[in-house]
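In what follows, a single structure is set out as structure tokens and then discussed.
Numbers restart at 1 for each chain; the letters A, B, ... are given by sequence-line order, proteins then strands. What's counted below: heavy atoms across the whole structure, side chains too, no hydrogens, waters or symmetry copies. Computed from a predicted model, the values in this text were never measured in an experiment.
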Number of protein chains: 2
Amino acid sequence: MGLTSEDIERLDEIVKRTRPLHRGDFLFRDGDRFRSLYVVKTGSVKTFAPSPEGGEQVLGFHLPGEIIGLDAIDKDQHACSAKVLETSAICEIPFQRLEELTSAIPSLQHQMYRLLSKEIGHDTDMLLLLGKKNAEERLAAFLLSLSQRLHKRGLSPSDFYLSMSRHEIGNYLGLAVETVSRLFTRFQDDGLMRVDRKHIELLDLPALEALVGGNGQGRRQNQQR
Amino acid sequence: MGLTSEDIERLDEIVKRTRPLHRGDFLFRDGDRFRSLYVVKTGSVKTFAPSPEGGEQVLGFHLPGEIIGLDAIDKDQHACSAKVLETSAICEIPFQRLEELTSAIPSLQHQMYRLLSKEIGHDTDMLLLLGKKNAEERLAAFLLSLSQRLHKRGLSPSDFYLSMSRHEIGNYLGLAVETVSRLFTRFQDDGLMRVDRKHIELLDLPALEALVGGNGQGRRQNQQR
DNA sequence: TGGTCGTGTTGATCTGGATCAAATATCCTC
DNA sequence: GAGGATATTTGATCCAGATCAACACGACCA
């Protein structure tokens with residue numbers, strides 16, 4: 001990424017490795033002072049924000065290689081909580097130190113801008129998903145997203161375990177638990193995947209992609225074409 | 001914001017003022033190479049992304065003081081289009097130049113991080129809105145958001161014109177045009193606001209806030225409490 | 001003055017997915 | 001390994017909001 005090995009070393013110096021965290025542990029809670037970004041090394045983390053009615057909105061599931069906490073820079077305070085879904089190794093990067101480093105290393109600064117920008121892009125994708133896609137498309141998109149992200153880390157794109165509950169999946173996708181459950185059943189019946197508890201096998205990636213893509217016509221066809 | 005007048009001047013030097021743009025003009029289209037960020041001085045702009053089915057998702061409406069294009073840094077290419085909604089004055093900031101400047105001015109770099117982070121925060125709010133709120137709450141939130149943003153720029157928080165169509169509002173909020181129209185009528189009947197064509201008068205801000213806030217119970221109560 | 005087009009409103013109907021209700025299946029805890 | 005709490009699944013019903021279908025305005029123009 002345009003960083004010299006010396007740069008990498010300097011970056012490496014400010015990263016704190018914490019001992020493994022376990023299911024249910026918090027990286028931070030909403031309202032906490034913002035100090036660090038976190039990077040998932042192994043395991044998974046969910047972030048979620050309280051909604052005014054007392055419920056919560058799951059904002060994302062974070063897999064190895066992904067960064068958490070970027071939304072807190074603005075207000076210097078976390079607006080969401082991050083909870084570990086399974087035993088995980090997480091790195092902590094004190095933001096103050098990182099910021100100093102990025103001032104000194106232009107290519108690192110550029111990477112930071114890209115990282116923040118990429119996060120906006122993800123959110124945009126979610127907006128499209130929540131605004132325009134039906135239940136089936138949402139779940140297919142979710143499964144494919146997991147698949148692709150795991151694959152990027154060298155893991156199997158078609159055989160993996162879900163570390164989150166159906167409840168959390170539903171919350172994330174704006175669907176009721178029951179709908180998620182029914183869709184898993186339907187997808188299995190249709191030969192798209194095999195589901196056993198938390199264990200997922202995607203049998204027909206192309207078909208799932210077609211579902212997300214453009215064949216099905218979204219929520220009928222809602223709004224502007 | 002921790003910038004000296006000299007800093008401001010250097011920043012000012014790289015900003016391009018373009019002649020006024022008119023309704024329908026594009027700042028950029030999705031797929032365009034990313035070169036600059038844009039800041040609305042007066043008027044308004046909508047950004048929207050194509051959805052696979054051929055429709056589009058309105059991603060945001062941008063009012064004076066707001067910045068456009070941050071999502072394109074990552075891929076060095078725009079993933080959405082930006083269209084002017086009414087005669088508007090827009091500033092262009094070549095990103096390359098800005099990036100050089102932020103390397104030299106730490107407080108400006110910090111502002112950039114905050115800006116990007118804030119954008120993520122906005123998107124997060126929208127996710128919550130689309131994922132957990134019903135039609136009524138969405139429209140109330142939309143109106144209040146406009147109100148607050150206009151007020152921040154010294155304009156009336158309760159009396160303004162909508163530069164976007166009902167269609168665009170619906171698309172943005174994940175609602176059908178008809179629903180938006182009906183809600184305007186209902187809000188008016190309930191004495192919350194006065195609507196005349198594009199002209200809006202908010203008569204009862206507190207009541208609107210209550211609608212968004214926590215009294216109504218969202219989409220019933222959906223998902224986790 | 002009348003016609004056409006785009007936008008907005010209003011009414012009737014339909015439906016995807018939420019809710020409600022129950023029956024399992026898993027998971028802990030001691 | 002029994003017993004209670006939690007998660008998941010499945011079935012029945014309901015309803016907010018989408019869709020379908022007219023109709024009402026302007027705005028603009030010939």
Extract from the structure each pairing of a protein N or O with an N or O of nucleotides 21-23 of chain C at less than 3.5 Å, listing the distance.
none

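Annotation: F28(B) is not in aromatic contact with F34(B) [ring centroid separation under 6.0 Å not met].
Inspection of the S51(B) and Q57(B) side chains reveals no N or O donor paired with an N or O acceptor under 3.5 Å. Judged by distance alone, the side chains of E92(B) and T18(B) never bring a donor and an acceptor atom under 3.5 Å apart.
In this structure, NE2 of H167(B) is placed 13 Å from C1' of dA18(D), rounded to the nearest angstrom. Rounded to an integer number of Å, the gap from CZ of R23(A) to C1' of dC27(C) is 11 Å. Following rounding to the nearest Å, L175(A) (CG) and dT9(D) (P) show an atom-to-atom distance of 14 Å. Atom C1' of nucleotide dT6(D) and atom CD of E168(A) are separated by 13 Å, given to the nearest angstrom. Distance, H199(B) NE2 to dG8(C) C1': 17 Å, rounded to whole Å. Atoms CG (L162(A)) and P (dT8(D)) sit 10 Å apart, rounded to a whole Å. Separating the CG atom of N134(B) from the P atom of dA18(D) is a distance of 11 Å, rounded to the nearest angstrom. Distance, R166(A) CZ to dT10(D) P: 11 Å, rounded to whole Å.
For H151(A), the side chain to side chain contact (heavy atoms under 4.5 Å, CB included) partners two or more places apart in sequence, or in a different chain, are P157(A). Judged as a salt bridge (Lys or Arg N to Asp or Glu O under 4.0 Å), and not counting sequence neighbours, the contacts of D76(B) are R33(B). For R166(A), the salt bridge (Lys or Arg N to Asp or Glu O under 4.0 Å) criterion is met by no residue, not counting sequence neighbours.
Of the listed nucleotides (dG17(D), dG8(C), dA18(C)), dA18(C) has the atom at the smallest distance from the side chain of A176(A).
Dashed line: the shortest gap from a side-chain N or O of R182(A) to OP1 or OP2 of dG17(C) is not under 4.0 Å. Dashed line: the shortest gap from a side-chain N or O of T179(B) to OP1 or OP2 of dA18(D) is under 4.0 Å.
Between E66(B) and R149(B) a salt bridge is recorded (basic side-chain N to carboxylate O distance below 4.0 Å).
Contact check of residues 183-198 of chain A against DNA chain C (heavy atom, cut-off under 4.0 Å) returns R197(A).
The distance from atom CG of D30(A) to atom OG1 of T47(A), rounded to the nearest 0.5 Å, is 11.5 Å.
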Please tabulate, for the side chains in residues 191-205 of chain B, all donor-acceptor contacts under 3.5 angstrom to protein atoms that are two or more places apart in sequence or on a different chain.
from    : atom 1 : to      : atom 2 : distance (Å)
R194(B) : NH1    : E201(B) : OE1    : 3.2
K198(B) : NZ     : M164(B) : O      : 3.2
H199(B) : NE2    : D159(B) : OD1    : 2.8
D204(B) : OD1    : A207(B) : N      : 3.1

